[in-house]
Amino acid sequence: MFPSLLLRWYKKHARTLPWRGHHDAYAVWVSEIMLQQTRVEAVIPYFERWMDRFPSVRALAEASEQDVLNLWEGLGYYSRARNLHKAARVIMDEFGGQLPRSVEALRKLPGIGRYTAAAIASMAFGLDEPTLDGNIRRVYARIFNVDVPADSTAGEKLLWQIAAENLPRGKAGDYNQALMDLGAMVCLPKNPRCESCPLKIHCTAFQLGVQESRPILKPKAEIPHHINAAAILVGRIGNPPIHAVLLNQRPSRGLLGGMWEFPSGQIQIAPAKSLPKILKESYSLNIRVSEELMVVHHAYTHFRVTVHAFRCELLSKSKNEFLKWVKLSELDDYPMGKVDRQIAQKIKHQLESQSSTLGKSRVRK
DNA sequence: AAACCGTGGAC
DNA sequence: TGTCCAAGGTT
C-alpha cells in the first residue's frame with residue numbers, strides 16, 4: 001500500500017546527508033549515535049570533524065577519552081561519546097575491527113539500543129529490520145490514528161508491530177530513512193504539511209482532522225530550578241609563571257560525566273556565604289570569596305540552574321586528586337559543558353586584557 | 001515505570 | 001519568554 005508510495009516520494013525528495021551513500025558501517029554507526037535526540041543540522045559539522053579525526057574504528061579505539069570528549073563538546077549527552085569510544089575498543093578486540101552484522105550482536109555494544117541496532121542493520125547491511133524513532137512513531141501514529149500514548153509500553157509495542165508489518169522486504173534501509181525524512185520535512189510535530197504529503201490518502205488521523213493531536217504522549221514531570229555557586233581560583237604555574245585556573249574533573253557517570261568544571265556546588269540562598277562551606281565539604285578546599293564575576297542561567301532537560309561564579313582566593317592547598325591547575329592557554333583542551341565553557345571564556349578574556357594592560361603600562365615607563 | 005542524560009532551534 | 005522537542009539509551 002503506502003510503502004511503495006513513500007519509496008517513490010523518497011527517490012525524489014531524499015535529503016543529501018554526509019553519511020548517506022557512505023556504505024561504510026562505521027560512518028552509519030557514528031551518524032546514528034550523533035543523531036540520537038539531536039537535529040541533523042547540529043550533527044553535520046560534528047560528523048565531518050569526527051570522520052576527519054577518527055576515520056575508522058581503529059582510529060577511534062586508539063584515541064584517548066579526553067580527545068573523544070573534546071571533539072564531542074557542545075553536542076550534549078556525553079555518555080554517547082564515551083560509549084562510542086568503549087564500543088570501538090570492543091569491536092577491535094572481539095570483532096577484528098568490523099561491526100557485527102546482526103541486531104542481536106549490535107545491541108550488546110554500549111550505546112546501541114533497539115532503534116540504533118535496527119537502523120545500522122538495515123542501512124549499512126541491507127537487512128530486513130524495521131525500526132522506530134521519534135519521526136517514525138509520529139508518522140505511524142497518524143497514519144493508523146494510534147490513540148493510546150505512543151510513549152507507553154502498550155503504545156510502543158503496537159508501533160513496533162506496525163513497523164514490522166509494513167516493512168517492504170529488501171528495501172528496509174531506504175524505507176526506514178524515507179519514514180524519517182517524511183517525519184522531518186512533511187509530517188512535522190506542529191503544523192504538518194499534510195497537503196504535500198504522499199501518504200495523505202492513507203492517513204487516518206488526517207482524514208479525521210486530528211493529525212495535530214497525534215501522537216498522544218504522556219504528561220511530563222515539572223522540572224526543578226537549582227541555584228549553584230562556582231569558584232574561580234586563579235594561580236600561576238610554570239616558569240616563567242603563567243596564569244592558571246583550578247578545575248575539577250567530574251565523575252565518569254551522571255551529568256556531564258568525565259567533563260571538567262570549576263569547583264562548584266548546589267546551594268539554597270546567599271551564594272557568596274555558602275560557597276566556602278560547600279567547597280570544604282565537597283573538595284576539601286579552603287577558600288575566601290572575593291567578588292562575583294558573572295551569573296549564568298541554563299536549562300538542562302530535567303532541571304534549570306542559575307550559576308553564580310565568584311573569584312576566590314585559596315587559603316590552603318588541597319590534595320584532591322580530581323583537581324588540577326590548568327593554564328589559560330590550554331583551557332580548550334579540557335572538555336567542558338556549556339556553562340563552564342562560558343565561565344572559562346570570560347575568565348580568559350579578563351585575565352588576558354589585564355596582563356596586556358599591565359604589559360603596556362610597563363613598556364611606557 | 002520513571003528518572004536521568006545537553007543543547008539549540010522553532011514557535 | 002517559556003515551552004516543546006529532536007535519527008534514544010541506560011539504570
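Each chain gets a letter, A, B and so on, in the order its sequence line appears, and its residues count up from 1. Only this structure's heavy atoms are used, side chains among them; waters, hydrogens and symmetry mates stay out.
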Find which nucleotide of DNA chain C each of Arg138(A) and Leu109(A) is nearest to by heavy atoms, and output the residue with the more 5' nucleotide.
Arg138(A)
Met123(A) or Ile112(A): which one's nearest nucleotide on DNA chain C is closer to the 5' end?
Met123(A)
If you measure from the [atom1] atom in [N] to the same atom in [M], how many Å do you get, rounded?
N	M	atom1	answer
dT1(C)	dG8(B)	C1'	16 Å
dA6(C)	dC5(B)	C1'	14 Å
dC4(C)	dG6(B)	C1'	15 Å

For [N], take OP1 and OP2 only and decide whether either is under 4.0 Å from a side-chain N or O of [X].
X	N	result
Lys218(A)	dA2(B)	yes
Lys220(A)	dA3(B)	no
Arg80(A)	dA7(C)	no
Gln37(A)	dG8(C)	yes
Tyr78(A)	dT7(B)	yes
Lys338(A)	dG8(B)	yes

Side-chain touch Leu328(A)/Ile242(A), heavy atoms, less than 4.5 angstrom:
no
Name the nucleic acid region contacted by [X], choosing base, sugar-phosphate or nothing; use a 4.0 angstrom heavy-atom cut-off, strictly under.
X	result
Leu132(A)	nothing
Leu75(A)	base
Gly183(A)	nothing
Trp19(A)	base
Thr131(A)	nothing
Gly254(A)	sugar-phosphate
Arg15(A)	base

So, Lys218(A) and Asp151(A), do they make that salt bridge, N to O below 4.0 Å?
no
Identified ring pair (Phe, Tyr, Trp, His ring centres under 6.0 Å) counterpart of Trp19(A) within the set Tyr26(A), Phe47(A), Trp50(A)
Phe47(A)
[X] [atom1] - [N] [atom2] separation (whole Å):
X	N	atom1	atom2	result
Gln342(A)	dT7(B)	CD	P	10 Å
Arg193(A)	dC11(B)	CZ	P	9 Å
Asn83(A)	dT10(C)	CG	P	7 Å
Arg304(A)	dG6(B)	CZ	P	16 Å
His298(A)	dG6(B)	NE2	C1'	6 Å
Ile44(A)	dG9(B)	CD1	P	13 Å
Glu212(A)	dC4(C)	CD	C1'	13 Å
Tyr115(A)	dT10(C)	OH	C1'	18 Å

Considering only [options], which nucleotide approaches the side chain of [X] most closely?
X	options	answer
Asp133(A)	dG6(B), dC5(C), dA7(C)	dA7(C)
Glu32(A)	dG8(C), dG6(B), dA7(C)	dA7(C)
His302(A)	dA7(C), dG6(B), dC5(B)	dC5(B)
Lys190(A)	dC4(C), dC4(B), dT7(B)	dC4(C)
Arg253(A)	dA7(C), dG6(B), dT11(C)	dT11(C)
Arg39(A)	dT3(C), dG8(B), dG6(B)	dG8(B)
Tyr300(A)	dG6(B), dT10(C), dA7(C)	dG6(B)

For the [atom1] atom of [X] and the [atom2] atom of [Y], what is their distance to the nearest 0.5 Å?
X	Y	atom1	atom2	value
Asp24(A)	Ser56(A)	CG	OG	9.0 Å
Asp67(A)	Glu62(A)	CG	CD	12.5 Å
His298(A)	Arg304(A)	NE2	CZ	10.5 Å

Got a donor-acceptor pair under 3.5 Å from the side chain of Thr38(A) to the base of dG6(B)?
yes
Under-3.5 Å donor-acceptor pair between Thr116(A) side chain and dG8(C) base:
no
Could you give me the CA-CA distance, side-chain angles and deciding distance for Glu32(A) and Gln36(A), then say whether side-chain hydrogen bond (donor to acceptor under 3.5 Å, both in side chains) is met?
CA-CA 6 Å; Glu32(A) 287 302 334; Gln36(A) 288 170 1; over 6 Å; no
Taking for Ala154(A) and for Leu255(A) the nucleotide of DNA chain B with the nearest heavy atom, the one nearer the 5' end belongs to Ala154(A)
More 5' along DNA chain B: Thr153(A) or Arg82(A), using each one's nearest nucleotide?
Thr153(A)
Do Asn166(A) side-chain atoms and Ile162(A) backbone N/O form a donor-acceptor pair below 3.5 Å?
yes
